[in-house]
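Read the numbers this way: they start at 1 and go in the same order the structure lists the ligands and their atoms. None of the values given here were measured: they were computed from a predicted structure.
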Amino acid sequence: KNKCFILKLKETLMLIAANWKMNLGKSEIDQFSKILQSNEFHDSLDICIFPPSVYINYLNTRIENLPISIGAQNCYHEFSGAFTGEVSPTSLKDIGCKYVLVGHSERRVNNNESNLYVQKCTSAAIKANLIPILCVGETLKDRVSGTALDFIENQLIESIPSSFENIFVAYEPIWSIGTGKIPSSSEIKEMHKHIKQVISSKFNNSIKVIYGGSVNPSNVSDILNVNEVDGILIGGASLNPKDFLAIYHSTVKHLN
Ligand code: PGA
């Protein structure tokens, strides 16, 4: 019974996701882990770090005693076979990953990942018992011309599998990633609400929506104050352990 209650509570946790992208190597991971080891963590949050896939295991061995999950930055849509260079979702599960990012805008642009491709990867991740964090986001052109809501709606409809139990959506406006620019609180609220409405009306399901794009220690409180925000996806600021922990402590404060 207790376990059920804890699991239920856990389902409502806020998520802090740290996307390291193609950054940091062994010595930086050692330093980063040392700083994490001296931090006090609270149970009220789910934290996940997404290192480059070759370092997933290395990072895991250094922080496995901490309440921090490990995730992968992408996965393929097949479990095994002649797919040179691809990463299988079942392998990721096998080495201890909990989450996987799918359809990050950098992969959509640089690797030509279409909505259909992203949908297949999301389905495979679910089948492998990983929790997908499906990234969506509009370009500046869409934002300026007033078509952002429609663009995201279409991206969701085409990228999300028809049935799912546990998925996060990360709303990451492309014009905000790595630029220091963030949408206003009302724009974030409007989009997160819209995403939840689309999921409810088209998929008859509910979903958690986290915000990503230039999150840093000074803007995180304002972002978290938007009550439709269920967590954050941090890129650049997660590479610096001090900034990452400052964001973590602001989030804990916000929850208390
Ligand atoms: P950023 O990246 O925080 O550096 O803007 C976010 C992301 O791409 O996930």
Subject >> Result of checking V100, L130, L134 against T122 for side-chain contact (heavy atoms from CB on, under 4.5 Å) >> reply: L134
Original post:
Donor-acceptor pair, N256 side chain versus V252 backbone, under 3.5 Å?
Top reply: yes
Original post:
If you count the atoms of ligand 1 from 1 in the order shown, which ones are under 4.0 Å from a heavy atom of L233?
Top reply: 9 (O)
Original post:
Which of the atoms in ligand 1, numbered in the order shown and given with their element, are less than 4.0 Å from a heavy-atom of H104?
Top reply: 7 (C), 8 (O), 9 (O)
**OP:** Enter the distance from D46:CG to K208:NZ here, rounded to the nearest 0.5 Å.
**Re:** 8.5 Å
Subject >> Proximal atoms of ligand 1 relative to S214 (non-hydrogen, under 4.0 Å) >> reply: 1 (P), 3 (O), 5 (O)
**OP:** Compute the shortest N/O to N/O distance between G235 and ligand 1 and return yes if it is under 3.5 Å, no if not.
**Re:** yes
**OP:** May I ask you to identify the nearest protein heavy atom to atom 4 (O) of ligand 1, giving residue, atom name and distance to one decimal place in Å?
**Re:** G236 N, 2.8 Å
**OP:** Would you mind listing which atoms of ligand 1 come within a distance below 4.0 Å of any non-hydrogen atom of E172?
**Re:** 6 (C), 7 (C), 8 (O), 9 (O)
**OP:** Among residues two or more places apart or on two chains, list those pairs meeting salt bridge (charged side-chain N to carboxylate O under 4.0 Å, His left out) that have a residue in residues 109-125.
**Re:** R107-E113
Original post:
Can you tell me how far the CD atom of E158 sits from the CD atom of Q155, to the nearest 0.5 Å?
Top reply: 9.0 Å
**OP:** May I ask you to decide if C75's main-chain N or O and E86's side chain share a donor-acceptor pair within less than 3.5 Å?
**Re:** no
**OP:** Can you sort out which atoms of ligand 1 are near N19, meaning under 4.0 Å from one of its heavy atoms?
**Re:** 9 (O)
Original post:
Atom CZ in R62, atom NZ in K34: separation rounded to 0.5 Å?
Top reply: 11.0 Å
Original post:
Can a non-hydrogen atom of A237 be found less than 4.0 Å from any atom of ligand 1?
Top reply: no
Subject >> Subset of ligand 1 atoms that lie under 4.0 Å from at least one heavy atom of G213 >> reply: 5 (O)
**OP:** Answer yes or no for G178: is there a heavy-atom contact with ligand 1 below 4.0 Å?
**Re:** yes
Subject >> From OG1 (T251) to NE2 (H42), nearest 0.5 Å >> reply: 11.0 Å
Original post:
So, is T179 polar-close to ligand 1, with some N/O to N/O distance under 3.5 Å?
Top reply: no
